[in-house]
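Basis for what follows: all heavy atoms, side chains included, without hydrogens, waters or symmetry-related copies. Per chain, numbering begins at 1; letters A, B, ... match sequence-line order.
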Amino acid sequence: MNIFVAKLGRNTTSDDLNALFSQYGEVTSTKVIMDHETGYSKRYGFVEMANDDEAYKAIEDLNDSEFDGSNIVVKKSTPRG
DNA sequence: CGTGAGCGT
C-alpha cells in the first residue's frame with residue numbers, strides 16, 4: 001500500500017515518516033519530497049507499507065493528526081503515471 | 001487543497 005502524506009512540517013524527513021508509520025506495521029519505504037537545489041521540503045511525502053490492513057489503520061489514525069507542529073493529511077497514494 | 005528520483009542502479 002502506497003500512502004501520500006501532505007502538510008508536513010518543514011523539518012520532517014523520510015526517517016520521521018518511517019518512525020511514525022512503523023508504529024502501525026512494517027514500513028517498506030518512505031520519502032519526503034525535497035527540492036534538490038534549495039533543500040527545502042515540499043511539505044509532502046510518501047510511505048509504503050507491507051501490509052494493506054495496517055496501512056489503512058495508519059491512514060485513518062494518522063490523518064488529520066498533529067505532527068511536527070502541523071496537522072497532517074494521510075491518504076492513499078496515486079502513482080506518478 | 002497536496003502526488004515522488006536517480007545521474008548512471
Note to self: Return a single string for nucleotides 2-9 of chain B, one symbol per nucleotide in 5' to 3' order, where B is base contact, S is sugar-phosphate-only contact and - is none, cutoff 4.0 angstrom on heavy atoms.
What the structure shows: BBBB----
Checklist line | Rounded C1' spacing from B/dT9 to B/dA5 in Å | finding: 12 Å
Checklist line | Separation between the P atoms of B/dC7 and B/dT3, rounded to whole Å | finding: 24 Å
Check: Do A/Asp16 side-chain atoms and A/Thr13 backbone N/O form a donor-acceptor pair below 3.5 Å?
Finding: yes
Item checked: Sidechain-backbone polar pair: A/Ser41 side chain, A/Arg43 backbone, donor-acceptor under 3.5 Å -> yes
Checklist line | Pairwise ring-ring contact (aromatic ring centres under 6.0 Å, His included) hits with a residue in residues 10-42 of chain A, at least two apart | finding: none
Margin query: Test: ring-ring contact (aromatic ring centres under 6.0 Å, His included). Region: residues 45-70 of chain A. Which pairs qualify, not counting sequence neighbours?
Written below: A/Phe4-A/Phe46
Checklist line | Qualifying residue, where the test is side chain to side chain contact (heavy atoms under 4.5 Å, CB included) with A/Val47 and the options are A/Asn18, A/Thr30, A/Leu20 | finding: A/Thr30
